[in-house]
Amino acid sequence: GAGVSQSPRYKVAKRGQDVALRCDPISGHVSLFWYQQALGQGPEFLTYFQNEAQLDKSGLPSDRFFAERPEGSVSTLKIQRTQQEDSAVYLCASSLALGAGQETQYFGPGTRLLVL
Amino acid sequence: KNQVEQSPQSLIILEGKNCTLQCNYTVSPFSNLRWYKQDTGRGPVSLTIMTFSENTKSNGRYTATLDADTKQSSLHITASQLSDSASYICVVSAASGTYKYIFGTGTRLKVLA
């Protein structure tokens, strides 16, 4: 089925290395979210896009984190100069409608990042 | 203090038994509350979505209840199956206009044969 896909599924990075995580949302979905999920915890909001516009980036933990969605479909989350505390699962979700209404969010399988 | 708290943290039950998971929230104003199921190594999957005016919503063997006055929700699983083993996450969103969903830390359910 054409669900949300993420790549890579696993990424091991050396401390200080830059990484790029990709999200392919469901075709036609307007809203796209990135979350960070630490082991044994619930996902925490990072950023939100409505089409190509990044409307909320208040959850990004530092200026080393950068997200983009230049054409309103595929999104990339980039982490510069990775630190060990960046180790987590990064989840992408998309939804059809605008805003935080009753629309269902569809999640990808996540990218598990391990920073050594 | 988390704005969405879930209990218990973990739960083990035998196949065929029922169970109830709890969610208390302090998010205000409140727009809607969702329950998700997250299998190990997978992304969360939506089970139910309720607005403040809804008291209950069912999805197969899953029934969610909501008391907006006491800011409590529960997820009841009937006749549990081995495939119900997963984390169940309660998610609350504030009034419309915000894009932030606040996730609980989840209840890890294990169903044994």
Side-chain angles (χ1 to χ4, degrees), chain A residues 1 3-7 9-10 21 23-26 30-51 53-60 67 69 88-112, chain B residues 2-10 21 23-25 27 29-54 57 59 64 66 75 86-110:
Chain A
V4 178
S5 61
Q6 293 186 244
S7 61
R9 290 295 313 276
Y10 303 93
L21 313 180
C23 172
D24 284 78
I26 295 173
V30 170
S31 296
L32 185 144
F33 302 79
W34 281 100
Y35 296 92
Q36 181 189 61
Q37 185 173 26
L39 189 64
Q41 302 295 314
E44 292 198 2
F45 172 84
L46 292 178
T47 186
Y48 166 73
F49 289 86
Q50 189 178 100
N51 294 309
Q54 188 175 22
L55 297 189
D56 190 335
K57 56 180 181 180
S58 62
L60 296 176
R69 194 186 184 197
V89 174
Y90 290 85
L91 292 166
C92 174
S94 71
S95 64
L96 182 60
L98 302 174
Q102 288 197 63
E103 69 281 2
T104 298
Q105 280 186 311
Y106 296 88
F107 282 82
T111 294
R112 186 177 297 272
Chain B
N2 288 337
Q3 296 186 68
V4 180
E5 293 196 335
Q6 294 187 241
S7 62
Q9 265 192 331
S10 60
L21 314 180
C23 174
N24 296 341
Y25 62 92
V27 177
F30 164 81
S31 175
N32 61 69
L33 184 146
R34 304 154 186 246
W35 282 93
Y36 284 88
K37 177 186 179 186
Q38 185 173 24
D39 292 310
T40 301
R42 308 286 293 272
V45 175
S46 179
L47 295 175
T48 62
I49 302 173
M50 292 182 291
T51 66
F52 63 89
S53 62
E54 296 178 286
K57 181 116 0 141
N59 178 359
L66 173 63
L75 180 68
S87 287
Y88 291 84
I89 304 175
C90 175
V91 185
V92 178
S93 70
S96 60
T98 178
Y99 309 104
K100 290 183 187 175
Y101 295 86
I102 302 169
F103 289 69
T105 56
T107 292
R108 192 179 300 258
L109 175 66
K110 180 70 174 176

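None of these values were measured; they are calculated from a predicted model.
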| query | Is chain B contacted by the side chain of A/Tyr35, its backbone, both, or neither, given a heavy-atom distance below 4.5 Å? | reply | side chain
| field | Exam field: side chain B/Thr51 to backbone B/Asn32, donor-acceptor pair closer than 3.5 Å | value | no
| message | So which residue, A/Gln37, A/Arg112, A/Arg9, A/Glu44, ends up with the most heavy-atom pairs under 4.5 Å with chain B? | response | A/Gln37
| Between NZ on residue B/Lys57 and CG on residue B/Leu33, distance to nearest 0.5 Å | 11.0 Å
| query | If you count heavy-atom pairs under 4.5 Å between each of B/Gly104, B/Gly41, B/Gly43 and chain A, which one has the most? | reply | B/Gly43
| field | For chain A, the option from B/Ser46, B/Pro44, B/Gly106 that forms the most heavy-atom pairs under 4.5 Å | value | B/Pro44
| query | From B/Leu21 CG over to B/Ile89 CD1, what is the distance, rounded to the nearest 0.5 angstrom? | reply | 11.5 Å
| query | What orientation do B/Phe30 and B/Tyr25 show, parallel under 30°, tilted 30 to 60°, or perpendicular over 60°? | reply | parallel
| Part of A/Gln6 lying under 4.5 Å from any heavy atom of chain B | neither
| field | Gap between atom CG of A/Leu55 and atom CG of A/Leu32 - 0.5 Å precision | value | 11.5 Å
| remark: Turns out that what part of B/Gln38 lies under 4.5 Å from chain A's heavy atoms comes down to side chain
